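To start, the structure under review is shown below, and the notes come after it.
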Amino acid sequence: MRHLMSPLDFSVEELENMMDLAAEIEKDPDRFAHICDRKKLATLFYEPSTRTRLSFETAMLNLGGQIIGFSSADSSSAAKGESVADTIRVISIFADIAAMRHPKEGAPLVASLHSEIPVINAGDGGHQHPTQTLTDLHTIRSLKGSIGNMTIGLCGDLKFGRTVHSLITALIRYPNIKFILISPEELRLPSYIKDDVLIRNNIEFEEVIRLEEALPHLDLLYMTRVQRERFFNEEDYIRMKDFYILDREKMKLAPEHMYVLHPLPRVNEIAVDVDKDPRAAYFKQVEYGMYIREALILTLLDMKLPD
Ligand code: NCD
């Protein structure tokens with residue numbers, strides 16, 4: 001039995017197969033509409049989410065399966081003091097696969113150690129968010145044809161943004177990727193990613209503060225929101241929250257081929273006037289996220305695919 005805790009749990013080749021499957025699902029969804037009949041997905045969300053939870057649930061429904069779960073810690077037995085280990089033991093009796101989001105780093109990993117069913121990490125604190133990374137990789141591959149040979153700008157809250165941590169970890173396995181890390185001093189990439197992932201693997205990167213400086217050099221821009229819920233005090237958040245605002249004017253500095261991605265939710269960091277720009281790909285990214293989650297569920301459940 002396999003779980004998904006980190007984007008590195010699958011080899012590059014396995015990810016390619018999963019992305020091929022996601023593309024097939026997109027092309028002909030009806031072929032996959034009953035493949036998970038009578039299978040159940042449990043979404044165990046101890047932290048707020050719109051996209052990720054609903055994307056998982058829609059993915060399972062699209063495959064003919066059913067869903068159970070909770071969307072906040074208050075509405076689960078966690079409020080009574082139940083451990084994650086006990087919760088997953090119980091859920092293993094009810095469901096065939098589980099997706100867990102938790103504010104504590106490592107909670108889904110603990111769950112996986114006590115689980116009888118595949119567990120997917122749907123975001124653990126400021127640590128990792130591997131299914132967002134699968135979404136991002138699939139989006140890049142679908143838009144650009146392949147992953148590699150590109151300069152990627154990562155902008156915003158690189159300190160607390162788990163999507164960025166997962167994405168960097170996954171991208172360094174592809175050829176000739178360079179990073180420009182765009183953040184205020186206080187929100188720079190933590191050393192467990194900068195030293196242990198980038199420097200250790202000799203990956204080319206640069207740290208800059210101004211978005212305008214980076215824009216002309218990018219093949220892809222990944223914007224992120226300042227993660228309010230992970231700040232220790234509100235004053236620091238208020239000081240940081242509008243540090244970057246990508247708008248139509250700034251988009252003029254970027255190459256014609258530079259797509260803009262964002263894991264969403266957006267707050268102020270991308271002005272709505274950018275949405276109409278053909279390079280704005282963040283809503284299409286949500287759609288790719290649903291297909292890749294379908295492919296992930298099929299892979300982890302080891303389902304026999306239709307001919
Ligand atoms: C991200 C997350 O939860 O980390 N959202 C998502 O899953 N699409 C990004 C964020 O909350 O800023």
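First listed ligand is number 1; within each ligand, the first listed atom is number 1. Counting begins at 1 with the first residue of the sequence. None of the values given here were measured: they were computed from a predicted structure.
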- Query: Quick one: ring-ring contact (aromatic ring centres under 6.0 Å, His included) partners of F232, sequence neighbours excluded?
  - Reply: none

- Task: Determine whether any heavy atom of G123 lies closer than 4.0 Å to an atom of ligand 1.
- Result: no

- Message: Is there a polar contact, in the sense of an N or O pair closer than 3.5 Å, between Q132 and ligand 1?
- Response: yes

- Message: Under 4.0 Å from a heavy atom of R101: which atoms of ligand 1 are those, numbered in the order shown and with their elements?
- Response: 3 (O), 7 (O)

- Query: Which residue supplies the protein heavy atom nearest to atom 4 (O) of ligand 1, what is that atom called, and how far is it?
  - Reply: R162 NE, 2.8 Å

- Taking only heavy atoms of T52 into account, list the atoms of ligand 1 that are under 4.0 Å away from them. 6 (C), 7 (O), 8 (N)

- Task: Check step by step if side-chain hydrogen bond (donor to acceptor under 3.5 Å, both in side chains) holds for R101 and H129.
- Result: CA-CA 9 Å; R101 168 167 291 191; H129 192 346; 3.1 Å; yes

- Hey, mind stepping through E269 and K241 against salt bridge (charged side-chain N to carboxylate O under 4.0 Å, His left out) and telling me if it holds? CA-CA 8 Å; E269 58 281 354; K241 75 182 174 63; over 6 Å; no

- Message: When you compare the side chain of M290 with that of E26, does any pair of heavy atoms fall below 4.5 Å?
- Response: no

Donor-acceptor pairs are to be reported for all side-chain atoms of residues 201-209 against protein atoms at under 3.5 Å, with residues two or more places apart or in another chain.
| residue | atom | partner | partner atom | Å |
| --- | --- | --- | --- | --- |
| N201 | ND2 | V197 | O | 2.7 |
| E207 | OE1 | K194 | NZ | 3.3 |
| E207 | OE2 | K194 | NZ | 2.8 |

- Judging by distance only, is a nitrogen or oxygen of R225 under 3.5 angstrom from one on ligand 1? yes

- Message: Evaluate L264 for polar contact with ligand 1, using N/O atom pairs at a separation under 3.5 Å.
- Response: yes

- Message: Within the 3.5 Å criterion, strictly below it, is a donor on N17 or E13 matched to an acceptor on the partner's side chain?
- Response: no

